[in-house]
Amino acid sequence: MSAPTEDSVALAPPSRPPSARLLEWFERVGNRFPDPIVLFVTALAATWVASSVLAGRDFGLVDPRTGAALQINDQLTVRALAAFVVGTTQAFVTFPPLGMVLVMVIGVAVAERSGLVGAALRSVLSVASPRLLTPLVAVAALAGHLMSDGALIIVVPLAGALFYVAGRHPLAGILAGFAPMSGALFANFFPYALDPIVAGFSEIGARIIMPSYRVNPLSNYWLAIATAVVVVPATWWLVERVVEPRLSGVPVDGDPALMPSAPPLTSQERRGLWWASAAALALAAAFALTVAPPASPMRAPDGSLTGPGSPAMQGLIPLMLVFTLGPSLAYGAVAGTIQNHRQVVDAMATAMSAMGYYIVMVFFAALFTKAFADSNIGALIALRGAETLRGLAMPPVVTIVGIVLLTAAIDFLVPSASAKWALLAPILVPMLMSVGIAPEFTQAAFRVGDGPVNLMTPLMPYFPLVLSFCRRYVSGFGTGTLMALLLPFGVSYLALQVAMLLLWWLCGFSLGIGGRYVYP
């Protein structure tokens, strides 16, 4: 994908109410931001300088991970710089989003080259109203949490293509998929891998007060389902009443070769879809037979299929690649769109060459992430914020909302949910247990605050990828324009999820299986 240009697309709303002027101001400011690569380089330099200034100071904080006094590690010493240089390559090649993106791009490239994507989209359009695309995409995005970040690589670009084929603006489809997937992480119809991870950290914190305390991974599940139910119509309203009117004056001028068309399906294409469906069912059956036995090697040592130690979850991206390649190859062979193996290899290579800008961006993002983690500045920010919240001794409702806002604030710098909660849970959970607030309620407040801010910061690892998806359709699309369009989603999701949490608490509804509000 090409590097961003200095020019950017300006949104042209039909009217100019105060909210529209605010978003236009936000867009102008955002478009003046440097390229995301420069932002990461600047953040890296700021981290180095800050670590040198803060090193050696006594902050009076205990690092819950080590039990020792929290120290900032100076990243400008010769030893630290030598370690940074030595670890640069490793930090780059092991940066989590990089591998997932590149592996999934291989499968998506073959799916697009075979024509399976376009045919499937046209088939859906033949039975679904274009006006229902927004809620369908939002539901798919929330269900995509099951596939972790890999779903973003599939759902978001396909949502854009689906909207485009339906005659709607493709960027509205991209936002309809990306916003709920990355901004409403707590809203879920099905349990997924993050649930046991977060519950595990909550349990560690709770056992500081009560050694036998256990936190069920589904202790927030009922609230998560209810939140998902309201996020879908909220997304529908935002896309059709806020986003699409603002996109009405933005022309689609990208590469026509990248944009699917919607001619009627031929009989050969219909046979290809049937064979692709058969291939998908065969793969699903094979996978089900493999994981069905309680002693299956695809299960975690405790027998769990979806826990963090499950090989099925750890190998989810390669499995998704197989599930993408199988139906794509079957379709291509039957529909006649893939004649030989060279076409498959060429599709993969072409897709990889288009990821050039993203790979360069990931290199600098990985360097910043490494330096920030090594410096311990992230731990200082999280612990100091938690200590301040504890010192306020506010009423429970204020404290709970404070946890949400603290989480949202830290999200600007530490987007990883597990990393944030690993730092906060040993402090917040026992702290609030001591004033009668149960660990499950504290965890719910954390999860409500985790996510919405992801949509409002270009430092999110997947932000440049979504920007690249947008530029497939609108060549001059700018960072600030994307931020302006995502801002209403982030603010709305945060307010909506806080309201749901407080309403659920006020009504006394169960948070989930084993979920509690009060301790003991």
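Computed over heavy atoms, backbone and side chain alike; hydrogens, waters and symmetry mates excluded.
- Side-chain atoms of Ser219 never come within 3.5 Å of backbone atoms of Val215 as a donor-acceptor pair (strictly under, hydrogens ignored).
- In terms of modelled atom types and a separation under 3.5 Å, the side chain of Arg113 and the main chain of Thr337 share a donor-acceptor contact.
- No side-chain N or O of Trp504 forms a donor-acceptor pair with one of Thr227 less than 3.5 Å apart.
- To the nearest 0.5 angstrom, Ser510 atom OG is 13.0 Å from Tyr221 atom OH.
- Using a distance-only test at 3.5 Å, with no hydrogens or angles considered, a donor-acceptor pair links the side chain of Ser114 to the main chain of Ala111.
- Ring geometry, Phe363 versus Phe92: the interplanar angle exceeds 60°, so the pair is classed perpendicular (tilted spans 30 to 60°).
- Looking only at distances, a side-chain donor or acceptor of Thr88 sits under 3.5 Å from a matching main-chain atom of Phe84.
- Judged purely by atom type and a 3.5 angstrom limit, Arg207 has no side-chain atom pairing as donor or acceptor with the backbone of Ser212.
- In this structure, the side chain of Ser492 does not engage the main chain of Phe489 through any donor-acceptor pair within 3.5 Å.
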Worked check of ring-ring contact (aromatic ring centres under 6.0 Å, His included) between Phe364 and Phe368: CA-CA 6 Å; Phe364 291 99; Phe368 161 69; over 10 Å; no

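- Within the 3.5 Å criterion, the main-chain N or O of Ala292 finds no donor-acceptor partner in the side chain of Ser296.
- A donor-acceptor contact closer than 3.5 angstrom links the side chains of Gln443 and Ser202.
- Side-chain contact between Met298 and Leu319 is present, with heavy atoms from C-beta onward closer than 4.5 Å.
- Around the CH2 atom of Trp505, the shell of radius 6.0 Å holds more than 12 heavy atoms that belong to other residues, nucleotides or ligands.
- Side-chain atoms of Glu203 never come within 3.5 Å of backbone atoms of Arg214 as a donor-acceptor pair (strictly under, hydrogens ignored).
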